[in-house]
Amino acid sequence: MASQKNTAGSSTADQARERARQIADREARRSNGKPKGLIAGIIALLLVIGLIIALVVWQNNKNTIPEAGPVPASANQYGGIQLNESQILQDTSDVDERDINDVPEAPESVDESKTPPGVVNATEAKDNGEPVQLVVFQDFECVHCADFEEQFGDQIEEKVLSGDVTLEHRNLNFLDRGSPDAYSSRAANAAYLVAEEVDPEQYLAYVQEVFSHQGSGGLSNDELAEIASKHGANVTADQLGENTYRPMINIMAQESMANGIAGTPTIFVDGERVSQNDFEKGLNDALEEKK
């Protein structure tokens, strides 16, 4: 999954240029021997067309997501937002920036027996003296992720805020391929920005509300910013439009697939991969192991 180029925008610019050339040729033939006013009008028309081409090219460049980019302050080097009972961990990454060219290509067949980096070893987790580690790979456009949040969100929040569980969200963009406006990536980008400003309870409330709109066709940047403000984050639509953390989201998605994540939600409870249907039992068993 290399960097995302807006090839449609480039094609539109080429078409606009060709259209401008055709108009210029046609009008030049028509204006042979015509009044100067007509020629001036043609020149003005061509200037307008040139402006349109410039705007198309600018938009194309704006929507190009670089191959390398910063690791969010609210994420570890794997792109995970980590929460415990008192805080969202900040500045935990070993590196400041990552490049998708350093990540293995996603295989044609994903090996789901793998454990992604940053997920604890299941055998060691039982005796590590730490809270249960819950890692959820999710996509804000995923209907099953929304169902998981609706079914278990309150229970997870209670366990996190009590100190029994640490939670890590890795917000993927697998479903961008079916979205006209890269909603999965935009929502994941927004989550990083929100997580830089709020406490765990506010962040979880934000995530829950965003998921409550799943199936509505995707929220706009204005709507994401509005929800963020309701939960304590000063995030603007213009800030979201800068796509600051979009490179990291592409990197995380490719890295996740290279390490056994084929779909969302994918859930790890103390290193054990559990299905959505078996989540409650898996979590309770892990909590019991810690006693």
Side-chain angles (χ1 to χ4, degrees), residues 62 65 69-93 96-98 134-142 145-146 148-150 152-154 156-161 165-173 175-176 179 181-253 264-265:
K62 180 183 177 184
I65 305 303
V71 177
S74 57
N76 57 30
Q77 64 263 36
Y78 310 115
I81 298 173
Q82 299 171 287
L83 299 80
N84 60 31
E85 75 275 17
S86 61
Q87 63 181 322
I88 298 174
L89 302 186
Q90 303 289 320
D91 301 314
T92 61
S93 175
D96 295 329
E97 182 176 283
R98 294 198 61 191
L134 172 60
V135 183
V136 181
F137 292 78
Q138 60 186 20
D139 187 317
F140 282 108
E141 182 66 350
C142 167
C145 299
F148 179 77
E149 176 64 30
E150 182 178 14
F152 298 113
D154 290 340
I156 291 171
E157 179 177 3
E158 188 270 324
K159 296 299 183 184
V160 170
L161 297 181
V165 170
T166 62
L167 172 64
E168 180 176 339
H169 279 163
R170 300 195 192 181
N171 297 310
L172 304 179
N173 63 358
L175 295 178
D176 269 357
S179 169
D181 61 356
Y183 175 60
S184 296
S185 288
R186 291 190 299 103
N189 180 63
Y192 282 135
L193 293 166
V194 170
E196 289 178 350
E197 297 191 17
V198 301
D199 62 32
E201 194 169 3
Q202 291 170 312
Y203 168 78
L204 291 172
Y206 169 81
V207 169
Q208 190 172 63
E209 182 164 350
V210 172
F211 268 125
S212 74
H213 294 276
Q214 201 284 331
S216 62
L219 298 167
S220 68
N221 285 347
D222 284 320
E223 290 169 322
L224 288 168
E226 182 180 356
I227 295 172
S229 69
K230 289 170 59 178
H231 299 288
N234 183 24
V235 176
T236 67
D238 287 343
Q239 189 178 5
L240 295 177
E242 293 171 0
N243 295 322
T244 303
Y245 297 134
R246 291 278 297 276
M248 186 65 199
I249 296 159
N250 290 338
I251 292 163
M252 180 173 50
T264 54

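Between Cys142 and Pro265, some side-chain heavy-atom pair lies under the 4.5 Å cut-off. Side-chain contact between Asn171 and Gln138 is present, with heavy atoms from C-beta onward closer than 4.5 Å.
The closest side-chain donor-acceptor pair between Asp154 and Gln208 falls under 3.5 angstrom. Counted by atom type alone, Asn250 and Asn173 present one or more donor-acceptor pairs between their side chains at under 3.5 Å.
The distance from the CD1 atom of Ile88 to the CG atom of Leu204 is 7.5 Å, given to the nearest 0.5 Å. Between the OG1 atom in Thr244 and the CD atom in Gln239 there is a gap of 7.0 Å [rounded to 0.5 Å]. For the atom pair CD of Glu157 and CD of Glu85, the computed distance is 13.5 Å after rounding to the nearest 0.5 Å. Taking CD1 of Ile156 as the start and CG of Leu83 as the end, the distance is 11.0 Å to the nearest 0.5 Å. A distance of 11.0 Å separates CG of Leu224 from OG of Ser229, quoted to the nearest 0.5 Å. The line from CG of Leu175 to CD of Gln214 is 8.5 Å long, rounded to the nearest 0.5 Å.
A pairwise comparison of heavy atoms in Asn221 and Leu240 identifies O-CD1, 3.4 Å as the closest pair. Residues Tyr192 and Ala75 share a closest heavy-atom pair of CE2-CB, 3.6 Å. Here the shortest heavy-atom pairing between Ala237 and Asp222 reads CB-OD1, 3.0 Å. Of all the heavy atoms in Pro200 and Leu161, the pair that sits closest is CB-CD2, 4.3 Å. Of all non-hydrogen atoms in Met248 and Pro72, the two that sit nearest each other are CG-CD, 3.7 Å. Annotation for Glu223 and Gly218: closest pair OE1-O, 4.3 Å, computed over non-hydrogen atoms.
With Asp139 contributing its side chain and Thr264 its backbone, the two residues share no donor-acceptor pair below 3.5 Å. No donor-acceptor distance shorter than 3.5 angstrom exists from the side chain of Ser74 to the backbone of Ile81, with no hydrogens or angles considered. Proximity of a side-chain donor or acceptor of Gln202 to a complementary backbone N or O of Ala228 within less than 3.5 Å is not detected. For the pair Asn84 (side chain) and Gln87 (backbone), a donor-acceptor distance under 3.5 Å is present. Without hydrogens or angle criteria, Arg186 side chain to Asp181 main chain gives a donor-acceptor distance under 3.5 Å. Under a 3.5 Å cut-off, the side chain of Gln82 and the backbone N or O of Leu89 do not form any donor-acceptor pair. The backbone N or O of Ser184 lies less than 3.5 Å from a partner atom in the side chain of Asp176, making a donor-acceptor pair.
Listed by chain and number, the residues in a side-chain contact (heavy atoms from CB on, under 4.5 Å) with Glu97 are Ala68 (sequence neighbours excluded). Taking the side chain to side chain donor-acceptor pair (under 3.5 Å) definition, one finds that Gln77 meets it with Asp94, sequence neighbours left out. Remark: Arg98 pairs with Glu255 by the side chain to side chain donor-acceptor pair (under 3.5 Å) rule, at least two apart or across chains. Residues satisfying the ring pair (Phe, Tyr, Trp, His ring centres under 6.0 Å) test with Phe137, not counting sequence neighbours, are none. Judged as a ring pair (Phe, Tyr, Trp, His ring centres under 6.0 Å), and not counting sequence neighbours, Tyr183 has no contacts.
Within 6.0 Å of CD in Glu226 there are 12 or fewer heavy atoms belonging to other residues, nucleotides or ligands. At most 12 non-hydrogen atoms from other residues, nucleotides or ligands lie less than 6.0 angstrom from CD of Glu201.
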From CA spacing to verdict: side chain to side chain contact (heavy atoms under 4.5 Å, CB included), Asn76, Glu168: CA-CA 10 Å; Asn76 57 30; Glu168 180 176 339; 3.1 Å; yes
Check against side chain to side chain contact (heavy atoms under 4.5 Å, CB included), Met252 and Leu172: CA-CA 7 Å; Met252 180 173 50; Leu172 304 179; 3.8 Å; yes
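Applying the ring-ring contact (aromatic ring centres under 6.0 Å, His included) test to residues at least two apart or on different chains, the pairs with a partner in residues 199-234 are Phe140-Phe211, His169-Tyr203.
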